[in-house]
Amino acid sequence: MITQYADALIAASFTPDKVGWIGWIVIGGLAGWIASKFMGTDKQMGFILNVVVGIIGGVAGGFILTKLGIDVKGGGYWFTFFTAVAGACILLFIVKLVTGRKG
């Protein structure tokens, strides 16, 4: 009985379709770094700013996709990653537009 309870508890706590806050930091860091490489802003940004841009880009991308009617809650890690990269690219594009930097 204890092993059945433990198995049920482990199965309930392991949900691969949800990303925790550590996952957001890791995915945000990678997404911010890739977006900064893609947008040509990597030389001005450090590790912390890459993470921040990736997390904000993920939130912004998720917001945009939700407004377009796409279900983002059950997307999992890959969907979250691609959403964060796209959102971070959009964020960096807007920042470059506002600041007037060429790259």
Side-chain angles (χ1 to χ4, degrees):
M1 172 137 165
I2 293 175
T3 57
Q4 290 174 341
Y5 178 73
D7 290 342
L9 184 63
I10 291 170
S13 66
F14 179 70
T15 53
D17 60 337
K18 294 184 180 179
V19 180
W21 64 274
I22 293 176
W24 271 105
I25 292 172
V26 172
I27 290 172
L30 288 172
W33 176 68
I34 289 172
S36 69
K37 289 284 194 185
F38 184 70
M39 297 300 291
T41 60
D42 190 45
K43 293 185 180 174
Q44 296 118 3
M45 297 172 57
F47 172 74
I48 300 297
L49 197 55
N50 279 337
V51 172
V52 170
V53 166
I55 292 172
I56 293 172
V59 170
F63 177 77
I64 291 169
L65 289 178
T66 301
K67 290 298 178 186
L68 292 174
I70 298 172
D71 179 32
V72 296
K73 290 188 179 180
Y77 290 108
W78 286 107
F79 188 76
T80 302
F81 175 71
F82 290 124
T83 301
V85 169
C89 284
I90 292 169
L91 178 66
L92 290 174
F93 177 76
I94 291 171
V95 167
K96 284 173 74 171
L97 243 142
V98 170
T99 61
R101 295 184 182 172
K102 299 288 180 192

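Atoms considered below: every heavy atom in the structure, side chains included; atoms not considered: hydrogens, waters and symmetry mates.
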### Query
With sequence neighbours left out, which residue pairs that include part of residues 49-59 fulfil the salt bridge (Lys or Arg N to Asp or Glu O under 4.0 Å) condition?
none
### Query
When rounded to the nearest 0.5 angstrom, what distance separates CZ in F79 from CD1 in I27?
12.0 Å
### Summary
For V51, the side chain to side chain contact (heavy atoms under 4.5 Å, CB included) test, sequence neighbours excluded, returns I25, F47, I55
## Note on the structure
side chain to side chain contact (heavy atoms under 4.5 Å, CB included) filter on F93, not counting sequence neighbours, yields M39, L97
Taking only distance into account, with no hydrogens and no angle test, what donor-acceptor pairs under 3.5 Å do side-chain atoms of residues 56-64 form with protein atoms, sequence neighbours excluded?
none

### Message
Considering only residues two or more places apart or on different chains, which pairs with a residue in residues 25-36 satisfy salt bridge (Lys or Arg N to Asp or Glu O under 4.0 Å)?
### Response
none
### Message
Does anything in residues 23-40 form a salt bridge (Lys or Arg N to Asp or Glu O under 4.0 Å)? List the pairs, not counting sequence neighbours.
### Response
K37-D42
### Task
Taking the side chain as every heavy atom from C-beta outward, state whether L92 and S36 have any pair of such atoms under 4.5 Å apart.
yes
### Query
Taking atom OG1 of T41 and atom CG of L91, what is their separation to the nearest 0.5 Å?
9.5 Å
### Query
What is the minimum heavy-atom distance between A31 and A84, and which atoms define it?
CB-CB, 3.6 Å
### Message
Nearest 0.5 angstrom please: I34 CD1 to L30 CG, how far?
### Response
6.0 Å
